[in-house]
2 protein chains.
Amino acid sequence: MHATLRDANPPLTRSVEDYLKAIYHLSNQGGFAATSDIAAMLEVAPPSVSGMVKRLSETGLIEHVPYRGVQLTAQGRRAALKMIRRHRILELYLTQQLGYDWGGVHAEAEQLEHAVSDELIERMAGTLGNPQYDPHGDPIPTAAGEIEEAELVSLAEAGVGAKLELRQVGTQDPARLRYFAEQGLTPGVLLTVTDRQPFNGPTTIALVPSGDPRVVGRELALLLWCREVPVEQHGHASH
Amino acid sequence: MHATLRDANPPLTRSVEDYLKAIYHLSNQGGFAATSDIAAMLEVAPPSVSGMVKRLSETGLIEHVPYRGVQLTAQGRRAALKMIRRHRILELYLTQQLGYDWGGVHAEAEQLEHAVSDELIERMAGTLGNPQYDPHGDPIPTAAGEIEEAELVSLAEAGVGAKLELRQVGTQDPARLRYFAEQGLTPGVLLTVTDRQPFNGPTTIALVPSGDPRVVGRELALLLWCREVPVEQHGHASH
DNA sequence: TCTGAAACTTAGACTAGTCTAATCTTTGCC
DNA sequence: GGCAAAGATTAGACTAGTCTAAGTTTCAGA
Ligand SMILES: [Mn+2]
Ligand SMILES: [Mn+2]
Ligand SMILES: [Mn+2]
Ligand SMILES: [Mn+2]
């Protein structure tokens, strides 16, 4: 064993952890993450991404096809899911135990995720009762690296007449999150689609059971991910 | 305003924050912190310290007298006390809210102190009732940067017969802390010094009120910082 | 007063991560 | 099928932080 050999498994740096998360989010369902999309998500210049991509593929965390994009290896995916678990448990802990609102929580978790130990995360998860979803409805990966894959439909694409449960809110923007909260649009809410205007027009919904109407423009409707609710009529299960 | 000018007040890096804390701890009561002591405390080589010292004095956080040592400026002291507040609130929060024992808490706080926001620290402090002391009895600086300066005597130097209150435990070593906890030697405990053997020998104490005896070697006794308790006899205040 | 050891600084190299400017590749469109 | 624009990579520079090796300063003791 030569003293000059690099440490075989050095701990990942803050930057590397954020790159892996970004690549995970951008390469859903087996696709490639593009250099420019990673750069935009992390707010760095594209050449910075090219440089990091080189290092990450040398260490076996990603697969790089030049001019095509990158994908996580199994090892890289494990590391990404670990960070996502940390991030989402932190978000939930901050909202439930320390009074954060769901808009402010993302920025704080973005920093803390790199500093917490496994032990701290598991203690937080225990305090919270080993939760399944974060404040925005996103599934929390298990400590073993499993994550729920739900088929959800965006409110902008849901059919008129559909009865839906709002499951996930697909933004971290504090202003948009605050607006959704004001409108009562938080994960778990039931609603029916009552109208959609043509030419990318707004969707009108009625909250269940209050019946309160809401009009949601396409930009925001695309952020509201819903599950179709089987319509149960007076205790009769649908067939 | 030229775009080429460096940001006037960039946020401090993790390294800088740890250097400032180390210098604070090493330059108590107006003295100088020595390069080699800073290096030992941070586990870096002395030339790394010389390099950092140059940068820190250029940014006005410390004063450097070559070959003599360094001192914090007012600005550097403010920054150091802010980090110490963070560290101690984190330690207390982790022990009181998340079930950490006082041995494991230091390493976790050492990382988190660089990642938490002011808002998070103040929320934690609020949850804890704006506490004055951390789990090891160390005073927590206020948000305004005030810190209590107590005159304490080490158990190794206290006179035989003295009645003392254990106030601070001056180590972060998990093994030593665990041992102290086993022996019932935690901040707040009352005791009397019953014996001291010569030639740097052990100190024998009796816990109050149980009377249980403990024998403490000099190395550990030097870590136990105590306050003299005015001896009140059956309700008679001492004159 | 000299001298040698300890402490400190300087010199020079290296890594991680970032940037701008210049140079490929790919691809949609005429 | 050719070409221009978009996207990606390479080239080269820079900062922060670390190291080892080599020189400089201080100071206690002979
Ligand atoms: Mn992050
Ligand atoms: Mn979230
Ligand atoms: Mn630290
Ligand atoms: Mn402490």
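Values below: every heavy atom of this structure, side chains too, minus hydrogens, waters and symmetry copies. Every chain is numbered from 1, with letters handed out A, B, ... down the list of sequences.
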To the nearest angstrom, the NE2-P distance between B/H114 and D/dG17 comes to 12 Å

Rounded to whole Å, the OH-P distance (A/Y67 to D/dA5) equals 19 Å

Discussion item. For the residue pair B/R167 and B/Y133, would you count it as a cation-pi contact if the rule is NZ or CZ under 6.0 angstrom from the ring centre and within 45 degrees of the ring axis?
Written reply: yes

| Between B/H136 and B/W102, what is the ring plane arrangement, given parallel below 30°, perpendicular above 60°, and tilted in between? | parallel

Rounded to whole Å, the CG-P distance (B/L56 to D/dA16) equals 11 Å

> Counting only heavy atoms not in B/E122, do more than 12 sit closer than 6.0 Å to its CD atom?
Replying inline: yes

B/Y19 atom OH is separated from D/dA16 atom P, nearest whole Å, by 14 Å

A/L26 CG to D/dG7 P, in whole Å, measures 15 Å

Separation of D/dT18 atom C1' from B/D18 atom CG, nearest Å, is 14 Å

Counting just side-chain N and O atoms, does B/H64 come under 4.0 Å of either OP1 or OP2 of C/dC8?
no

- prompt: Are B/T13 and D/dG17 close enough that a side-chain N or O sits under 4.0 Å from OP1 or OP2?
  reply: yes

Residues in residues 32-54 of chain B with a heavy atom under 4.0 Å of DNA chain D, by number, are B/V44, B/A45, B/P47, B/S48, B/M52

Within a reach of under 6.0 Å around CD of A/E119, are more than 12 heavy atoms found that belong to other residues, nucleotides or ligands? yes

Quiz item: Would you say D/dA16 has OP1 or OP2 under 4.0 Å from some side-chain N or O of B/S15?
Solution: no

Walking DNA chain C from its 5' end, the first of B/G69 and A/R68 to be reached, judged by nearest nucleotide, is B/G69

Walking DNA chain C from its 5' end, the first of A/R55 and A/P66 to be reached, judged by nearest nucleotide, is A/R55

Here the distance between atom P of C/dG17 and atom CD of A/E58, to the nearest Å, is 12 Å

**Report entry** salt_bridge(B/R218, B/E157) N-O dist < 4.0 Å
**Finding:** yes

Do NZ/NE/NH1/NH2 and the carboxylate oxygens of A/E110 and A/K21 come within less than 4.0 Å? yes

The side-chain hydrogen bond (donor to acceptor under 3.5 Å, both in side chains) partners of A/T203 (sequence neighbours excluded) come to A/R196

Between CG of B/L12 and P of D/dT15 the distance, given in whole Å, is 19 Å

